[in-house]
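Data first, discussion second: the structure below is written as structure tokens.
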Amino acid sequence: MKIVNQPLRKKDAMQLVTGQPVYMDDIAPANCLVVKLLRSPHANAIVTSINTAIAAKVPGIEAIYTWEDVDQDARRFTCAGQTYPEPSPYDRLLLDRHVRFVGDPVAIVAGETEKAVDKALSLIKVQYEILEPILDFHQSLDNKILIHPEDNWESLCPVGADNKRNLCAHDECGAGDIEAVLADCDVVIDRVYHTKAVQQTMMETFRTFCTIDTYGRLNVVSSTQIVFHCRRIIANALHIPQTKIRVSKPRIGGGFGAKQTSITEIYPAFVTWMTKKPSKLIFSREESMIASTPRHEMEVHVRVGAMNDGKIRAIDVYTLSNTGAYGEHGPTTVGLSGHKSIPLYRTESYRFVSDVVYTNRMSAGAYRGYGATQGLFAVESAVNELAAKLDIDPIELREMNIAREGDMMPAYYDSWNTSSALDRCLKRVREMSRWDEKYPVRDMGNGKVRSLGIGMSMQGSSIPFVDVGSATLKVNDDGFYTLIIGSADMGTGCDTVLAQIAAEVLECEYDDVTVFGADTDVSPYDSGSYASSTTYLTGKAVEICAQKLRGKICALGAQLLGCSADEVVFDGRCVTRTQPAADGKNSIALADIATASMCGNSVALEETVTKSSPVSPPPYMVGVAEVEVDLLTGQAEVIEFNAVVDCGTPINPNLARVQAEGGILQGIGMALMENITYTPEGRVVENSLMQYKIPSRVDIGHIHVEFESSYEGTGPFGAKSIGEVVINTPGPAIAHAIYNATGHRYYELPITPEQIVMPEK
Amino acid sequence: MLINIVLNGKKITREIEPDLLLIDFVRKEGCFSVKRGCETSNCGLCTVFLNDKPVLSCSLLAARADGQQVTTLEGLQEEAAEFGAFIADQGAEQCGFCNPGFIMNALALFRENPEPGEEEIKEYLAGNLCRCSGYEGQLRGILNFLAWKKDKKRGVSL
């Protein structure tokens, strides 16, 4: 392979490092109305009256909208970017008289300047009937307080939802007689784990601008991972036909799943549709912390049963998930907490039961890992505790029990394990971390100890039978190619990775493939960049598309050479006859074919391919954290994190490595410092980067990433996904290391210095 | 109020509101590399030079820059491309949104301390947050750039 598996520069790299204006607020028209939202100070309340008369008189105010401008009996919608019909319930209105969390929008204000809008916001008088909230997700199910009592609440899919029980989803599945097998085990680890609603914290906050285009249509430019879903969500929210809407994305300043939910789009869309004037909404960091789409808080009850010889026989998981005030991604995230943790192990029996409940907290959503992160913290922590109880080395215990290539994985939707180097990942991480020498703990003689801990991870590669990846490739003058996609490069480098796949198949230079994406008016339909789907699924579409385009180039080349398509070959530069022609006209250059295609030609030199997959091959990873704990202060710092990843063939080793390094540090943040707490009234305390601490470069020693590649036959050039699997190992590995340092087990993240020095008994 | 600022080497006179922040002033002048990532002076995205010293433009009134020199990445394109290429070679620019502030501060570091050690690099750039890269790739890029600079200074051809 010449181009695939090469560490090429990202196509947009030099534009980004030199600070070119390529993001939403750099390209928004200067005359955009500034849009801001008035937010509820109450966790559960009904707006009884709202007076906007004085606010509307502020000079420069264009419009103020309240629930009175929105039909409260109209069909509800979800902001979750998912394939229709969405598993997430239709539980939102553009503006709802019933506000359900501190920060829920009460009014939309649009004006000429930010100052005018801020002044108007302060002059809107709202009276509320304050209702008792449910803030603790343990108290939600069958509570007499209903978060969504309304009759036009709707669940489109059979996910076990019931708004009259505060239930967003319920599911149960399993294999074998779990209780009988557990009763027959020598040892059962039975623990409850808790993870919080941590924030994606991409550097660019949520933002959108809208204009009316030449045809009178609503033109939406948004920092989004899901242009096509956005189009439908806006149509549902505004109750206008999708024909009237175009959505495109510029460069995105990070997503991590946050921008798989339409957080901002609907508000400026409404303003521009009503006023026919350009408008923009840019969330402040505070808004991004209090009214966004963080990870689902989950409580995961795990029972792992094993024999004294180390054979794991059964895993039982019950997950309670907190979707907050609205159900975005509620029914689907919870599934990964069991389906992407239990299948790591060969078991005789498993059971996985889940409930997802509403509360009066901000709605949760999609965040890298999507539920697997929470489940893997629990299951991997339980397996570490099992290893201690059995007095077996945690790597050895895993080597005895992991699912291997060729296995049937009952808990992974009864799928075959078609490609796995998890065994090699374990072997290599043992060497990299110098496990045999350093595990479990070393006293540094200065009040500090250094200890190791381990965790494994798996994810999927696209949602089987659901996700759609597409590519259009066309030949231009001079014989260069344009690749048009509907998936979203949010910094991940998918534009580059997909161009590498195309160039490899077309045997051209990497620079001969230009990339365009994503625009609902232009791009072929693609579900969008989420669910670890882009490299695996859209990548496969690109590969097939490029192969088909080669066929078309050959067809036109043969026509020009005066022979049939099966008499020629294409080497990336020329179409050449396999047998010499009598007239000596043996070969024609691609550039000449391209030129000829633009004169008197009836063969379209372009191809579109759409791909869905019946399988979702898991990438795997093993991570070992080396943590230094100051036993006096409780300060814990990850000084080394060693990780080995099996993502199949890394299409671009540089970009795969940075994905892993970045995901690991996000996971470290979740394990040690990122915390979300609420006041008794339901207000988020950590509402800025001052209080919500994400890791800086002095908070980490070094992260070392290596690859042990399996070959996944269904992926492009053997590739699987990389984006999400990488965030899941720090939680269990760090909790394990801190146990080895202190002798105390932690069942909740983050593990703060206070908890290390003064652990709960 | 009326202010005079030398912005990226060009002298400009503007009538401004007294409470205008420097970040909003320079963006209004077309310096879109300057980004806002927070409102609490925590992220480093809005770093610019005030008389060649790095400052957070979200925490400075434009009026305070009156009579002084302000430099953004738009005014340092050559340096940005030269150093940025080493970040690009690691794939560590990722989403790119933190890059201008990070690169401004890195250039300030190199001017102040041409041969910084790893800990000095981390400490100097601690205020430049990045959520994509895990910082490792940025560090590799910086170390490669410094090694290249050193070789270049010695006259070693690569």
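Naming: A, B, ... by sequence-line order, numbering from 1 per chain.
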Side chain, backbone, both or neither: which part of A/R207 has a heavy atom under 4.5 Å from chain B?
-> side chain
Would you call A/D489 and A/K11 a salt bridge, taking side-chain N to carboxylate O under 4.0 Å as the test?
-> no
Could you tell me which portion of B/E119 (side chain, backbone, both or neither) has an atom closer than 4.5 angstrom to a non-hydrogen atom of chain A?
-> neither
Residues B/D24, B/R36: salt bridge by 4.0 Å N-O rule = yes
Please determine, among A/V658, A/L689, A/N654, A/D26, the option with the most heavy-atom pairs under 4.5 Å with chain B.
-> A/D26
Toward chain B, the part of A/P653 with a non-hydrogen atom under 4.5 Å = neither
Where on A/I703 is there a heavy atom nearer than 4.5 Å to chain B: the side chain, the backbone, both, or neither?
-> both
No-hydrogen, no-angle side-chain donor-acceptor test under 3.5 Å, A/Y367 and A/Q199 | no
Once the angle between the rings of B/F86 and B/F145 is folded into 0 to 90°, is it parallel (under 30°), tilted (30 to 60°) or perpendicular (over 60°)?
-> perpendicular
Answer key: most heavy-atom pairs under 4.5 Å with chain A among B/C132, B/G137, B/A80 is B/C132
When heavy-atom pairs shorter than 4.5 Å are enumerated against chain B, which of A/Q20, A/M490, A/K115, A/Q15 gives the highest number?
-> A/K115
Output the option from B/S133, B/C38, B/P100, B/S33 having the highest count of non-hydrogen pairs under 4.5 Å with chain A.
-> B/S133
Charged N-O contact under 4.0 Å between B/D52 and B/R111 | yes
Atom group of B/L125 that falls short of 4.5 Å from chain A, counting heavy atoms | both
If the plane angle is over 60° it's perpendicular, under 30° parallel, otherwise tilted; pick one for A/F206 and A/F283.
-> perpendicular
Going by an N to O cut-off under 4.0 Å, is there a salt bridge joining B/K149 and B/E82?
-> yes
When only pairs under 4.5 Å are counted, which of B/I121, B/L139, B/N128, B/I87 shares the most heavy-atom pairs with chain A?
-> B/N128
Flag the pair B/R140 and A/E661 as a salt bridge only when some basic side-chain nitrogen lies within less than 4.0 angstrom of an acidic carboxylate oxygen.
-> yes
Look at the aromatic rings of B/F102 and B/F83 and report parallel, tilted or perpendicular, splitting at 30° and 60°.
-> tilted
What part of B/E79 lies closer than 4.5 angstrom to a heavy atom of chain A: side chain, backbone, both or neither?
-> neither
Given that the side chain runs from C-beta out, which part of A/D25 has a heavy atom under 4.5 Å from chain B: side chain, backbone, both or neither?
-> both
Answer key: most heavy-atom pairs under 4.5 Å with chain B among A/Q200, A/M289, A/R251 is A/Q200
Tell me, side chain or backbone of A/H704 under 4.5 Å from chain B's heavy atoms, or both, or neither?
-> neither
Electrostatic pair A/R697:B/E123 at N-O distance under 4.0 angstrom | no
In terms of heavy-atom proximity below 4.5 Å to chain A, should B/L129 be classed as side chain, backbone, both, or neither?
-> both
Just give me the residue among B/E118, B/K28, B/E74 that pairs up with chain A most often, heavy atom to heavy atom, under 4.5 Å.
-> B/E118
